[in-house]
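Everything below concerns the one structure shown next.
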Amino acid sequence: MRYDLVIFDNDGVLVDSEPISNTILAGYLTELGYPTSYEDSIRDYMRSAMHRIHELVLERTGRRLPEDFDEVFHGRVFAAFERELQPVPGVTEMLEKLAADGVPYCVASSGSHERIRVGHRKTGLDRWFEAGRVFSSQDVGRGKPAPDLFLHAAREMGVAPERCAVIEDSPLGVQAAVAAEMDVYGFTAMTPAAKLVELGANRLFAHMAELPELLR
């Protein structure tokens with residue numbers, strides 16, 4: 001194994017949440033008077049910490065989102081997760097393989113701790129990610145594309161950044177991992193491969209079954 005720690009993004013990498021959450025986000029922003037399509041949401045907000053959504057809306061419109069925006073949005077998302085959320089295909093088998101090989105891993109997500117817990121409980125991934133392996137943008141001052149979250153996860157896991165591999169599928173996440181000086185494995189499920197390479201992904205893969213061998 002060439003790495004001492006594998007750091008997973010969560011949404012879109014472990015749980016297939018992006019179609020659900022971006023559909024809800026686009027609908028809610030439109031409802032509030034900020035017309036947003038699903039495609040707009042994917043392009044502008046996918047894998048963003050909540051503060052970045054507020055900042056972009058304010059920057060573009062000069063208006064602030066309601067004070068209860070986060071609470072209402074998360075309530076809608078969590079309800080949809082309970083109905084619809086599934087693990088990304090092949091994730092369970094991939095985690096079983098890493099665990100069998102003794103590979104240390106954790107998750108570092110722009111989502112809140114509550115969002116991570118809800119998604120993992122619904123999909124059964126909570127058995128793989130006890131509290132000490134879960135890190136959120138809530139834990140640091142700046143979310144992705146800043147490197148803070150990945151550096152925090154590595155520090156808490158006791159591993160030097162250069163000994164970490166990050167598994168990401170979003171432009172913001174790839175930028176954050178590159179800024180943290182970690183190797184990046186780009187999952188091409190929702191973002192064009194060329195975009196991930198352009199931003200600095202070291203290797204690409206299209207299915208989770210490919211990942212254990214790539215990491216060797």
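These values consider heavy atoms only, across backbone and side chains, with no hydrogens, waters or symmetry-generated copies.
- At a threshold of 4.5 Å between non-hydrogen side-chain atoms, the residues P89 and M208 do not count as touching.
- Judged by distance alone, the side chain of Q138 and the main-chain N or O of H113 form a donor-acceptor pair under 3.5 Å.
- Atom OG in S109 sits 7.5 Å away from atom NE2 in H120 (nearest 0.5 Å).
- With contacts defined as side-chain heavy-atom distances shorter than 4.5 Å, the pair M157/I7 does not qualify.
- Scanning all heavy atoms of the two residues, the minimum distance from A80 to I24 falls at CB-CD1, 3.6 Å.
- Cluster membership for F8 and L172, using ILVMFWY side-chain heavy atoms within less than 4.5 angstrom, is not shared.
- Remark: R60 CZ is packed, more than 12 non-hydrogen atoms of other residues, nucleotides or ligands lying under 6.0 Å away.
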Apply the test side-chain contact (heavy atoms from CB on, under 4.5 Å) to residues L211 and K97: give CA-CA distance (whole Å), side-chain angles for both, the deciding distance (0.1 Å), then the verdict.
CA-CA 10 Å; L211 185 59; K97 177 64 173 172; over 6 Å; no
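- Residues V13 and L214 are members of one and the same hydrophobic cluster, defined by side-chain heavy-atom contacts under 4.5 angstrom among Ile, Leu, Val, Met, Phe, Trp and Tyr.
- Atom CD1 of I167 is separated from atom CG of L14 by 9.5 Å, given to the nearest 0.5 angstrom.
- L95 has its side chain within reach of L125: a pair of non-hydrogen atoms, C-beta onward, lies under 4.5 Å apart.
- L65 places none of its side-chain heavy atoms less than 4.5 Å from the side chain of F73.
- Nearest heavy atoms, L5 versus A154: CD2-CA, 4.1 Å.
- The structure places NZ of K122 at 14.5 Å from CZ of F78, a figure rounded to the nearest 0.5 Å.
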Contacts under 3.5 angstrom, residues 173-186 side chains, donor-acceptor by atom type, not counting sequence neighbours:
unit_1	atom_1	unit_2	atom_2	d
D183	OD2	Y3	OH	2.7
Y185	OH	Y3	OH	2.9

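- A side-chain donor-acceptor contact under 3.5 Å links S136 to the backbone of G111.
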Where do V88 and F187 land on the side-chain contact (heavy atoms from CB on, under 4.5 Å) test, with the steps shown first?
CA-CA 11 Å; V88 166; F187 183 40; 3.9 Å; yes
Could you walk me through whether R216 and E213 satisfy the salt bridge (charged side-chain N to carboxylate O under 4.0 Å, His left out) test, starting with their C-alpha distance in whole Å, then the side-chain angles of each, then the deciding distance to 0.1 Å, before giving a yes or no?
CA-CA 5 Å; R216 291 183 183 278; E213 288 303 317; 3.1 Å; yes
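- Shown here are the ring pair (Phe, Tyr, Trp, His ring centres under 6.0 Å) partners of H51, two or more places apart in sequence or in another chain: there are none.
- Tracing side-chain contacts under 4.5 Å through hydrophobic residues (I, L, V, M, F, W, Y), one reaches V91 starting from V103; they form part of the same cluster.
- With sequence neighbours excluded, the residues that form a side chain to side chain contact (heavy atoms under 4.5 Å, CB included) with A160 are E162, R163.
- Applying the side chain to side chain donor-acceptor pair (under 3.5 Å) rule to S137 yields no partners; only residues at least two apart in sequence or on another chain are considered.
- In this structure, the side chains of F69 and L32 come closer than 4.5 Å at one or more pairs of heavy atoms.
- Stacking of R52 on the aromatic ring of Y45 is not recorded, the 6.0 Å distance cut-off and the 45° axial limit not both being met.
- With rounding to the nearest 0.5 angstrom, the CD atom of Q86 is 12.0 Å from the OG atom of S17.
- Between R63 and Y34, the closest side-chain pair of non-hydrogen atoms falls below 4.5 Å.
- At a threshold of 4.5 Å between non-hydrogen side-chain atoms, the residues L98 and L215 count as touching.
- For the atom pair OG (S170) and CG (D11), the distance works out to 9.5 Å, reported to the nearest 0.5 Å.
- Among residue pairs with one or both ends in residues 21-31, those qualifying as side-chain hydrogen bond (donor to acceptor under 3.5 Å, both in side chains) are E18-N22, S21-R115, N22-S41, E31-R76; sequence neighbours excluded.
- Across every non-hydrogen atom of S110 and L149, the tightest pair is N-CD2, 4.2 Å.
- The shortest heavy-atom contact between P19 and D16 is CD-OD1, 3.8 Å.
- Contact between K144 and A108 at its shortest, heavy atoms only, is NZ-O, 3.2 Å.
- Aromatic pair F150/F135: centroids not less than 6.0 angstrom apart.
- Hydrophobic clustering, with ILVMFWY side chains joined whenever heavy atoms are under 4.5 angstrom apart, groups V72 together with I20.
- Judged purely by atom type and a 3.5 angstrom limit, E71 has no side-chain atom pairing as donor or acceptor with the backbone of D68.
- The minimum heavy-atom distance between E130 and V134, with the atom names listed, is O-CG2, 3.5 Å.
- By the 4.5 Å side-chain criterion applied to Ile, Leu, Val, Met, Phe, Trp and Tyr, M46 is assigned to a cluster that also includes Y38, I42, M190.
- Between E156 and H152 the shortest side-chain heavy-atom distance falls below 4.5 Å.
- For E67, the CD atom is loosely surrounded, since the number of other residues' heavy atoms within 6.0 Å does not exceed 12.
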L29 vs D40, test: side-chain contact (heavy atoms from CB on, under 4.5 Å). Steps then yes/no.
CA-CA 11 Å; L29 288 173; D40 293 337; over 6 Å; no
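- For the atom pair L196 CG and D169 CG, the distance stands at 7.5 Å (nearest 0.5 Å).
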